[in-house]
2 protein chains.
Amino acid sequence: MAKHESYDCVAGCPVEATLELIGGKWKGLLLYHLLEGTQRFNALKRMLPNITQRMLTNQLRELESAGLVHRQVYAEVPPRVEYSLTEHGRSLAPILNALKTWGEQHLDRSTCSQDSASGTAEQASIGA
Amino acid sequence: MAKHESYDCVAGCPVEATLELIGGKWKGLLLYHLLEGTQRFNALKRMLPNITQRMLTNQLRELESAGLVHRQVYAEVPPRVEYSLTEHGRSLAPILNALKTWGEQHLDRSTCSQDSASGTAEQASIGA
DNA sequence: GCATATAGTATCCAAAATGATACTAATGGA
DNA sequence: TCCATTAGTATCATTTTGGATACTATATGC
């Protein structure tokens with residue numbers, strides 16, 4: 001999504017601005033996983049099997065410059081880098097949970113490859 | 001943002017899926033404005049001064065196919081088309097409000113051109 | 001001496017999103 | 001007769017995103 005520097009909105013501007021921070025391809029996911037606690041680079045990579053290193057680095061750096069994520073480097077070999085949410089990032093928790101809840105209630109679950117509930121059918125397909 | 005068809009996430013998937021629905025460049029804004037009620041095409045265009053017709057049509061159509069927005073065409077001349085939220089769309093209200101509140105509290109207000117509160121300075125700039 | 005692991009970079013390319021601009025139809029009013 | 005209005009389309013160019021691939025450093029274990 002292209003950034004817009006001058007928000008030409010009068011009313012909904014903060015909505016767009018917030019959406020821009022968390023709207024990268026993997027950012028929602030990353031934030032969501034980091035909500036569970038500090039994670040190393042490779043741990044995150046394992047959680048997102050299809051992400052490339054480039055994108056993982058990239059998205060994490062963007063989250064870092066947005067002040068949402070803290071990056072802690074340990075001078076060891078092999079290197080160790082731990083990522084965690086800042087206070088700022090943790091304050092997104094209600095939003096992330098709202099997104100998750102809405103998605104679970106309103107989107108067809110079948111798009112997700114695996115999930116615990118596969119027999120129960122109380123989920124609404126989009127048209128409903 | 002590129003769509004991903006097969007959500008490779010096990011846990012945060014609904015977060016990403018929901019984000020995809022509302023993550024278009026103007027979608028957050030459009031949904032936010034439609035929360036206030038039914039709007040005609042040109043009314044929306046006036047609310048988003050920098051949007052092009054192409055993008056407005058485009059984003060509205062996408063919201064429509066996502067089942068979030070209803071498009072009512074009146075066979076008049078000149079044409080009249082009214083856009084409103086579906087139930088599905090209205091159910092996003094908590095999310096949109098959460099995004100707005102978070103943005104107001106955590107983002108530097110100065111990026112926004114105009115807004116009512118310009119004297120009070122209780123907003124935190126990003127670094128805080 | 002060599003492979004392994006970690007957390008990256010660098011480069012190039014493809015695809016998707018967005019923007020600019022010009023065009024349309026039908027009717028009412030000046 | 002001509003212009004304005006509405007809600008679009010069509011076409012093209014540009015920008016932004018995302019993906020593939022190959023490359024790096026260095027201590028450790030074998």
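Only heavy atoms go into these numbers, but all of them, side chains included; no hydrogens, no water, no symmetry mates. Throughout, protein chains are lettered first and strands after them, A, B, ... in sequence-line order, and every chain is numbered starting at 1.
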Tell me whether [X] contacts the main-chain N or O of [Y] through its side chain, where contact means a donor paired with an acceptor under 3.5 Å.
| X | Y | answer |
| --- | --- | --- |
| Thr18(B) | Leu99(A) | yes |
| Glu82(B) | Thr38(B) | no |
| Gln39(A) | Leu44(A) | no |

Atom pair distance, as rounded to whole Å: [atom1] in [X] and [atom2] in [N]:
| X | N | atom1 | atom2 | answer |
| --- | --- | --- | --- | --- |
| Lys45(A) | dA5(C) | NZ | P | 11 Å |
| Arg54(B) | dA13(D) | CZ | P | 14 Å |
| Asn58(A) | dT21(D) | CG | P | 18 Å |

Below 4.0 Å: OP1/OP2 of [N] and any side-chain N or O of [X]:
| X | N | answer |
| --- | --- | --- |
| Lys25(A) | dA16(C) | no |
| Arg61(A) | dT9(C) | yes |
| Arg40(A) | dA7(C) | yes |

Minimal non-hydrogen separation, Arg90(A) against Leu85(A), with atom names: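 Taking every non-hydrogen atom into account, NH1-O, 3.3 Å.
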Minimal non-hydrogen separation, Ile22(B) against Leu19(A), with atom names: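 Answer, listing the atom of Ile22(B) first, then Leu19(A): O-CD2, 3.5 Å.
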Residue Thr52(B), side-chain heavy atoms: nucleotide from dG19(C), dA7(C), dT9(C) that is nearest: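 My answer, after comparing the listed nucleotides, is dG19(C).
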Nearest to the side chain of Phe41(B), heavy atoms from C-beta on, is which of dA20(D), dA7(D), dA20(C)?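 Among the listed nucleotides, the one closest to the side chain of Phe41(B) is dA7(D).
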Pairwise side-chain contact, Phe41(A) with Leu60(A), heavy-atom cut-off 4.5 Å (strictly under):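 They are in contact (side-chain heavy atoms under 4.5 Å apart), so the answer is yes.
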Review item, nucleotides 22-26 of chain D N/O atoms under 3.5 Å of protein N/O:
none

Using a 4.0 Å heavy-atom cut-off across all strands, classify [X] as base, sugar-phosphate, or nothing.
| X | answer |
| --- | --- |
| Tyr74(B) | nothing |
| Arg80(B) | sugar-phosphate |
| Gln59(A) | sugar-phosphate |

If the test is side chain to side chain donor-acceptor pair (under 3.5 Å), which one of His33(B), Gln72(B), Arg71(B) qualifies with Tyr83(B)?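 It is Arg71(B), the one option of His33(B), Gln72(B), Arg71(B) that forms the side chain to side chain donor-acceptor pair (under 3.5 Å) with Tyr83(B).
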